[in-house]
Amino acid sequence: MVPLVFLGVVLVTYGYQLTRMGLYWDDWEIIYLDHFNNPKAYWDYFLYARPLTSWLYLLLGPIVGMRPIAWQITNILLRWLGMVGFWWAFRMVWPKRSFEIGWICLLLAIYPAFTQHSVALTYSRHFACIALFSVSLGLNLLAIHNPKRWWVFTGLAVFASLLQLITLEYFFGWELIRPILIWIYLQKRNQDWKSNLKTLMVQWFPYVIVLLIFGGYRFIWYPLVSPNPEANAPVLFERLSSNPIGETIKFANLILQDLIHLNIDNWLAPIDPDAFELKAKANWLSWGSAALITVICAWLLIRTTENNDENQNEKDGFCQSAILIGLIAVLAGGVPVWITGRQSIGGPWADRFALGPMLGAVILLTGCIYWFARRRFQQTLLLGLIFGFALSAQMQTVNKYRLSWDNQRDFYWQLAWRAPAIKPGTAVIAPSMSFALVNDLHIGFALNTIYDQGGKSFEAPLWFFREGGLVGDLIPALKPGVPIDYKYLTAHFQGTTDQILAIDYSYGTTCLHVATEEDLYRKDLSSDARKLVKLGKPEFIETKPQRASIPPVTIFGPEPVHGWCYLYQKMEIARQENDWNETARLADEASAKGMTPKSYVEYTPSILAYLHTGQYEKALDASRAAQSMNSDQSMYICSLWKNNKAMVSDESVFTSSWKTMQCDVPAETEAQ
């Protein structure tokens with residue numbers, strides 16, 4: 001029953017929004033690589049950092065596909081397999097400790113220092129490595145228990161250990177706790193310590209060979225074949241040689257900060273007062289689910305406990321062993337990160353570095369609580385509270401990822417409606433990030449997944465840039481004629497500031513907007529945004545391509561219901577084509593359906609269409625509605641009339657409308 005409960009825990013925690021989860025952070029890199037339909041693309045790409053990582057995607061890709069929900073399920077199952085593997089292995093080491101081992105595995109499932117579980121494609125390889133190590137450990141102990149099948153079990157265990165090491169280096173420190181666990185297991189045989197030590201050396205030797213092979217792979221072979229041999233390099237040793245005292249102090253401080261975060265601060269983080277918002281339905285759902293799951297898990301683990309378990313510590317020394325192994329595993333798990341000069345509190349993506357120390361942290365916590373509270377009720381209460389709060393926090397984090405995917409899908413579908421195709425060499429630039437839980441480069445991968453379907457070359461036809469990340473890093477300033485040469489690993493984009501598509505988007509408050517020259521009259525543009533608008537040209541959008549680039553349904557899901565933003569994008573296309581009759585028809589359709597703009601800017605195509613088709617009353621009504629939405633933008637609304645005055649055949653109509661709108665823009669006013 002316990003493994004089934006483990007499965008229920010991870011399913012509820014990370015899968016309760018399963019059908020609404022999507023792609024985040026580096027997931028888009030895998031999606032981008034898959035669209036080449038060429039296994040060599042994976043090799044070339046990962047050669048820059050971890051060349052053998054791609055085996056997981058080459059193996060599972062044809063089976064799972066690139067459906068976000070399928071990878072969410074895969075990641076959940078891999079995490080569950082790791083829990084079951086440790087449950088199996090640790091129960092061989094401590095057969096009377098099902099209660100404590102159960103809590104160790106449960107805490108592994110919701111370790112709060114790591115919050116990126118929903119980045120499923122990316123972290124499937126991490127949880128695959130965790131599962132491989134746990135299975136390797138279990139097979140290792142099983143080989144000791146079954147000498148007749150030693151070669152079979154040891155061969156499988158060695159293979160699993162080597163595979164996880166060459167996939168990622170995150171968990172090579174865990175191999176240091178293997179001999180300790182083997183020693184504890186051997187102690188049950190009641191043989192003398194010399195015999196046990198000899199057996200330990202024999203049983204551990206194959207894994208020492210594995211570590212040596214990994215060392216040769218990582219520090220000899222990899223630097224010879226990689227275009228970027230310094231990726232994840234152990235810079236600590238070089239720094240120590242140049243400044244031993246200063247770098248030692250800096251290194252010790254880095255470790256101390258991480259240890260406090262990994263073993264104290266992260267357990268307290270879910271109790272942060274800012275996390276309690278009574279109005280949020282998702283919070284109530286997470287609190288209720290966490291309470292119910294905690295009670296079920298506590299009840300089941302107590303049922304698995306033998307009657308004399310509370311006094312078992314004097315016999316098997318679990319408390320001392322757990323604390324010792326936990327300390328060693330935390331330190332050993334952090335070494336692969338710390339020697340590269342990084343730590344788990346180093347930024348929005350840095351909590352991935354908590355994965356290595358995670359196993360040690362949960363073992364250490366369980367051992368300390370067992371030492372602090374010897375009664376079963378006290379242990380259950382403390383572990384249950386910690387587990388429940390952490391589970392609730394993880395569920396709330398999952399909901400944030402769900403909101404991000406809603407945001408992303410809305411953005412990409414609107415862009416596809418507005419831009420059926422974009423001319424190659426175009427840089428799509430926004431003043432700021434359009435949504436959270438992705439970065440500029442990830443949007444670039446996503447855009448090429450949509451607009452370069454079936455691509456054959458890493459030379460990307462277009463890319464996305466945030467204005468703040470572009471200027472200074474790639475180009476000196478936003479001005480005409482500046483080349484843009486961007487490269488990330490194997491992906492390469494070449495463009496120029498003469499070929500820019502300037503966009504703006506705010507989820508829920510506005511539709512996606514492609515900037516035009518009319519935007520220069522807006523008062524709410526910053527100086528940098530104004531420079532961007534001046535360079536942006538909507539004509540790089542191909543409104544009638546031979547084949548429209550529709551977001552792949554397997555990735556982005558079905559096309560959303562056509563609401564206001566859909567009609568707005570279609571009006572903008574018709575406006576770009578100077579098809580004013582169609583623009584006016586779409587505006588009438590939106591009005592008939594009771595759809596209204598979300599911002600004053602979105603009245604623009606309606607106003608211009610009505611002016612060009614002689615429907616002046618409708619143009620005035622739309623203008624007044626835009627003014628009432630944002631009175632500070634009267635200059636912008638009035639400029640639409642002024643710049644299209646020639647379309648108003650009756651001077652008195654123009655004068656009357658100008659007066660009604662209370663336009664005070666001087667006749668000679670021009671765009672800044």
Side-chain angles (χ1 to χ4, degrees), residues 103-104 107-108 110-116 126 129-130 133 168-180 218 230-275 319-373 382-383 385-387 389-390 393-394 397:
W103 281 114
I104 288 172
L107 292 171
L108 272 175
I110 48 78
Y111 186 58
F114 175 72
T115 61
Q116 298 185 59
H126 296 72
C129 288
I130 292 174
F133 176 81
L168 290 170
E169 72 279 2
Y170 275 56
F171 309 105
F172 85 76
W174 289 8
E175 286 293 339
L176 298 181
I177 67 170
R178 186 190 294 270
I180 302 174
R218 181 60 184 84
E230 297 303 315
N232 305 307
V235 297
L236 169 67
F237 305 115
E238 181 180 345
R239 293 175 181 175
L240 284 175
S241 62
S242 61
N243 183 11
I245 297 177
E247 289 300 326
T248 299
I249 295 174
K250 186 185 297 185
F251 183 59
N253 189 67
L254 179 146
I255 294 176
L256 180 62
Q257 290 176 343
D258 243 18
L259 289 177
I260 293 173
H261 170 67
L262 295 166
N263 297 290
I264 301 175
D265 177 59
N266 95 91
W267 297 116
L268 300 175
I271 316 176
D272 187 340
D274 292 338
C319 179
Q320 299 91 325
S321 299
I323 292 175
L324 175 63
I325 291 172
L327 285 171
I328 294 174
V330 167
L331 293 170
V335 166
V337 175
W338 297 330
I339 62 175
T340 65
R342 301 167 180 168
Q343 57 185 158
S344 64
I345 56 175
W349 312 308
D351 71 13
R352 69 187 187 275
F353 298 134
L355 286 171
M358 175 174 66
L359 178 62
V362 298
I363 296 175
L364 178 61
L365 176 70
T366 306
C368 288
I369 287 181
Y370 189 89
W371 171 78
F372 176 75
L382 289 173
L383 288 166
L385 284 173
I386 293 171
F387 171 74
F389 277 115
Q394 291 286 17
T397 299

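Here the structure is a predicted model, which is why all the values come from computation and not from measurement.
Separating the CZ atom in Arg178 from the CZ atom in Phe133 is a distance of 5.0 Å, to the nearest 0.5 Å. Rounding to the nearest 0.5 angstrom, the gap separating the CG atom in Leu324 from the CD1 atom in Ile328 is 4.0 Å. Interatomic distance, Trp174 CH2 to Ile130 CD1, rounded to the nearest 0.5 Å: 4.5 Å. Between atom CG of residue Leu268 and atom CZ of residue Phe389 there is a gap of 11.0 Å, rounded to the nearest 0.5 Å. One finds the CG atom of Leu107 at 7.0 Å from the CD1 atom of Ile386 (value rounded to the nearest 0.5 Å). We find the CG-CG distance between Leu331 and Leu176 to be 10.5 Å, quoted to the nearest 0.5 Å.
For Leu256, the CG atom sits in a packed shell: over 12 heavy atoms of surrounding residues, nucleotides or ligands are nearer than 6.0 Å.
Applying the side-chain contact (heavy atoms from CB on, under 4.5 Å) rule to Ile325 yields the partners Trp94, Ile177, Ile180, Leu181, Ile184, Ile363; only residues at least two apart in sequence or on another chain are considered. With sequence neighbours left out, Phe251 forms a side-chain contact (heavy atoms from CB on, under 4.5 Å) with Leu236, Ile255, Trp338. In this structure Trp371 satisfies the ring pair (Phe, Tyr, Trp, His ring centres under 6.0 Å) test with no other residue, sequence neighbours excluded. Residues satisfying the side chain to side chain donor-acceptor pair (under 3.5 Å) test with Thr397, not counting sequence neighbours, are none. Residues satisfying the ring pair (Phe, Tyr, Trp, His ring centres under 6.0 Å) test with Trp267, not counting sequence neighbours, are Tyr111. Evaluation of the ring pair (Phe, Tyr, Trp, His ring centres under 6.0 Å) rule for Phe172 yields Phe214 as partners, not counting sequence neighbours. Partners of Asn263 by side-chain contact (heavy atoms from CB on, under 4.5 Å), not counting sequence neighbours, listed by chain and number: Leu259, Val330, Ala361, Leu364. For Arg352, there are no salt bridge (charged side-chain N to carboxylate O under 4.0 Å, His left out) partners two or more places apart in sequence or in a different chain. Among residues two or more places apart in sequence or in another chain, the side-chain contact (heavy atoms from CB on, under 4.5 Å) test is passed with Ile345 by Gln257, Asp258, His261, Gln343.
Closest approach of Asp351 to Gln116, counting heavy atoms only: OD1-NE2, 2.6 Å. Between Gly367 and Cys319, the shortest heavy-atom contact is O-SG, 3.7 Å. Between Val362 and Thr366, the shortest heavy-atom distance links the atoms O-OG1, 2.8 Å.
Between Phe171 and Leu355, some side-chain heavy-atom pair lies under the 4.5 Å cut-off. Under the 4.5 Å side-chain criterion, counting only non-hydrogen atoms from C-beta, Phe372 is in contact with Leu382.
A donor-acceptor pair under 3.5 Å is formed between the side chain of Asn266 and the backbone N or O of Leu262.
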